[in-house]
Amino acid sequence: MNMTYYKHLSLEITLLLCGIIFYFLFSIAPANETSVSSAAITQLFIFIYYFCILGKKAGTFFSSYAVFLIVFYLFQNGQVLLYALNIPFDTFYVDKYSSRILLDSVIFSTLCLISAFGASIFSLNKSPNDIIQKNGNQLNPKNVLAVSKKGFFFLGIVALPLMFVKFYICATTGYFMMIKFAETVPSILKMIEKLFLAFSVLSLVYSDRKSRWYKIITIIILIWSLLAVFSGDRTVGLAGIAMLLLYRSNTNGVKLSFIKRVKKYTFFIFVGLGILYLINIAFSFRMQEQVETHSVYDTVIDAISQLGFSFFPLVLMMDVCPSVHSFQYGKTFIGGLVYGLIPSNIDFFGITETFEEWSSGPTSWIDQDFNYNFGIDFSLIAECWVNFGWYGWIAMFFLCVVIAKLLRNVDFMNKDNKFSQYTSLILMYSWFTLPRRKSYFIFNNWFWYILVVAILLLIFCRKRKKSITP
């Protein structure tokens with residue numbers, strides 16, 4: 001056993017001890033605002049401390065899994081943090097529930113956050129360990145680039161106009177009319193949208209960074225992302241921008257001079273502030289409200305408040321499970337796995353209907369028990385709770401192991417691992433909103449963006465190879 005093994009083991013032990021101490025410390029604390037605030041602030045320090053450790057181990061603070069951890073924290077804990085710091089924001093939903101359930105939600109979400117950090121060691125291995133990535137990396141890069149360009153053009157004929165239509169409807173009639181339109185879009189067009197972005201990212205990764213095509217595809221992905229932002233899909237559009245930023249700025253351990261490091265992190269700060277402003281502008285645009293000019297401080301607070309709304313599903317699930325509904329004991333995870341890997345648009349025999357019900361059952365409780373039907377979504381943490389209660393952090397660990405293995409700290413400067421680079425980027429993009437969704441999206445996004453794309457590349461690259469062989 002080498003030194004790396006013992007370092008990883010010591011990290012896991014300290015994380016486990018941290019979770020145990022945190023749980024017993026706050027589970028016996030009185031259920032009041034002071035305890036909620038103390039737990040939320042302690043959780044923030046835990047996040048910062050272990051995020052720094054992960055960044056040091058990975059050699060970068062801006063990897064695909066690091067992005068996942070950041071949004072994991074903000075989506076689940078943003079509003080609770082503002083509440084703890086006594087910063088004014090719209091506390092309507094926070095105020096609806098008792099300090100007891102708020103404190104329990106902070107305790108449980110902290111245990112799940114620690115589990116996510118525990119799984120982070122699986123993101124540190126830069127070598128692919130699955131057969132799809134290994135075979136994908138062996139494909140001829142020139143053939144893949146040629147196929148990805150064709151896929152980009154053919155799929156873009158449909159996908160780009162569809163995105164412009166969404167943007168136009170949202171701009172002229174409002175976000176909710178755009179949602180109604182999106183519900184009428186046939187499944188085949190939704191599949192084309194997915195594959196269009198997949199082939200766009202393939203084109204980006206397999207292109208020479210100095211080529212004109214690389215610049216063109218970068219601009220198109222950026223335009224696509226901005227259109228998504230102003231069509232109501234704010235987090236989806238921001239995911240595209242984060243993906244471009246990650247790919248263009250990652251130096252994978254290449255030592256930079258002090259001046260270059262300062263420039264790099266200054267650039268990150270300004271881009272981060274720009275994204276926060278974009279969140280607020282997009283929200284006003286989405287609600288057809290007048291865009292107001294805010295200070296940097298107000299912009300940051302508003303963005304954290306909007307992102308942090310996703311703590312609410314956990315509070316709701318803790319309120320009704322197990323008091324009203326029984327624990328599911330893994331049922332939703334099995335349903336999400338099967339239904340995610342056999343999507344309804346290719347299930348011609350209806351064999352996945354039962355598994356779909358298993359996967360989506362708890363999400364219906366939000367409407368059924370609370371009459372909230374305005375798009376609260378769900379969350380991975382809430383799903384872990386409805387399955388195993390206080391032991392749900394164990395399920396979260398295994399879910400995050402899967403995520404970490406696929407969001408590995410890929411060497412983006414290596415020319416021999418292009419498909420691994422694509423895998424890390426496209427899944428970081430598609431899983432950007434995963435913390436506010438259910439486990440079904442882990443498997444479904446892997447199916448479309450990795451498995452289906454790998455099969456298409458294998459087929460068309462072989463055909464191209466045969467066509468050019470004399």
Side-chain angles (χ1 to χ4, degrees), residues 58-71 122-128 130 132-134 136-137 139 141 144-145 147-149 151-152 155 159 193-209 211 213-225 228 235-253 268 271 275 402-434 441-442 444-454 456-457:
T60 177
F61 291 98
F62 194 45
S63 63
S64 293
Y65 193 70
V67 172
F68 171 77
L69 287 173
I70 292 171
V71 296
F122 294 94
S123 71
L124 301 177
N125 182 14
K126 294 187 177 183
S127 301
D130 66 81
I132 294 179
Q133 288 191 53
K134 287 180 179 178
N137 289 335
L139 292 173
V144 175
L145 179 58
V147 171
S148 64
K149 282 184 177 180
F152 168 81
L155 296 169
E193 272 194 308
K194 281 179 179 284
L195 293 179
F196 168 73
L197 191 66
F199 279 88
S200 298
V201 177
L202 276 172
S203 297
L204 181 78
V205 170
Y206 280 87
S207 297
D208 186 331
R209 293 197 182 203
S211 68
W213 174 248
Y214 173 82
K215 296 175 182 176
I216 292 173
I217 202 68
T218 299
I219 293 171
I220 290 175
I221 293 176
L222 180 60
I223 293 173
W224 171 276
S225 301
T235 48
V236 170
L238 295 176
I241 296 172
M243 177 185 67
L244 288 176
L245 185 63
L246 172 66
Y247 185 63
R248 288 181 61 85
S249 63
N250 204 308
T251 56
N252 288 282
F268 282 166
V271 170
I275 288 176
V402 174
I403 295 166
K405 279 179 169 287
L406 291 167
L407 295 183
R408 292 180 301 107
N409 185 25
V410 176
D411 185 354
F412 288 106
M413 308 303 286
N414 189 343
K415 296 182 179 179
D416 298 323
N417 68 343
K418 293 292 188 179
F419 193 80
S420 292
Q421 294 180 37
Y422 161 78
T423 298
S424 182
L425 288 173
I426 197 67
L427 289 180
M428 188 277 282
Y429 162 82
S430 64
W431 286 345
F432 193 82
T433 59
L434 185 58
F441 289 95
I442 297 176
N444 186 253
N445 287 340
W446 178 86
F447 174 84
W448 286 109
Y449 288 118
I450 307 302
L451 182 61
V452 171
V453 169
L456 291 174
L457 285 180

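In this chain, numbering begins with 1 at the start of the sequence shown. As the structure is a prediction and not an experimental result, all values here were calculated from the model. What you see below is based on every heavy atom in this structure, not just the backbone, and it leaves out hydrogens, waters and symmetry mates.
In this structure, the side chains of V144 and V205 stay at 4.5 Å or more apart for every pair of heavy atoms. Side-chain contact between Y247 and M428 is absent, with no heavy-atom pair separated by less than 4.5 Å. Residues I426 and I450 have side chains in contact (heavy-atom distance under 4.5 Å, counting atoms from C-beta outward). Considering only heavy atoms from C-beta on, S64 stays 4.5 Å or farther from V410 through its side chain. Side-chain atoms of N409 and Y65, non-hydrogen and from C-beta on, never get closer than 4.5 Å to each other. Counting only heavy atoms from C-beta outward, the side chains of S424 and F412 approach each other to under 4.5 Å. When side chains are defined from C-beta on, V71 does not count as touching W431, because their heavy atoms never get closer than 4.5 Å. Looking at K194 and V452, their side chains never come closer than 4.5 Å, going by heavy atoms from C-beta outward.
Rounding to the nearest 0.5 angstrom, the gap separating the CG atom in N125 from the NZ atom in K405 is 7.5 Å. If you take OH on Y429 and CG on L238, they are separated by 10.5 Å, rounding to the nearest 0.5 Å. Atom CD1 in I442 sits 9.5 Å away from atom CG in L406 (nearest 0.5 Å). Separation of atoms CG (L244) and CD1 (I221) is listed at 5.5 Å; rounding is to 0.5 Å. Atoms CD1 and CG, on I220 and L197 in that order, are 11.5 Å from each other to the nearest 0.5 Å. For the atom pair CD1 of I241 and CG of L246, the computed distance is 13.5 Å after rounding to the nearest 0.5 Å.
In this structure, Q133 and R408 approach most closely via the heavy-atom pair OE1-NH2, 2.9 Å. Considering all non-hydrogen atoms of both residues, S203 and S148 come closest at OG-OG, 3.3 Å.
Taking L155 as the reference, I192, L195, F196, F199 meet the side chain to side chain contact (heavy atoms under 4.5 Å, CB included) condition, with sequence neighbours excluded. Applying the side chain to side chain contact (heavy atoms under 4.5 Å, CB included) rule to S207 yields the partners L145, S211, W213, Y214; only residues at least two apart in sequence or on another chain are considered. For L451, the side chain to side chain contact (heavy atoms under 4.5 Å, CB included) partners at least two apart in sequence or on another chain are I132, W446, F447, I455. Listed by chain and residue number, Y422 satisfy the ring pair (Phe, Tyr, Trp, His ring centres under 6.0 Å) test with F419 (two or more places apart in sequence, or in another chain). Legend: residues meeting side chain to side chain donor-acceptor pair (under 3.5 Å) with S123, ordered by chain and number and at least two apart, are absent. Take S430 and apply the side chain to side chain contact (heavy atoms under 4.5 Å, CB included) test, not counting sequence neighbours, and it matches L427, N445, Y449.
Looking only at atom types and distance, the side chain of N417 has a donor-acceptor partner in the side chain of Q421 under 3.5 Å away. Side-chain contact of N137 with S420: a donor-acceptor pair under 3.5 Å is present, judged by distance alone.
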E193/W224 under side-chain contact (heavy atoms from CB on, under 4.5 Å): CA gap, chis, key distance, verdict: CA-CA 11 Å; E193 272 194 308; W224 171 276; 3.8 Å; yes

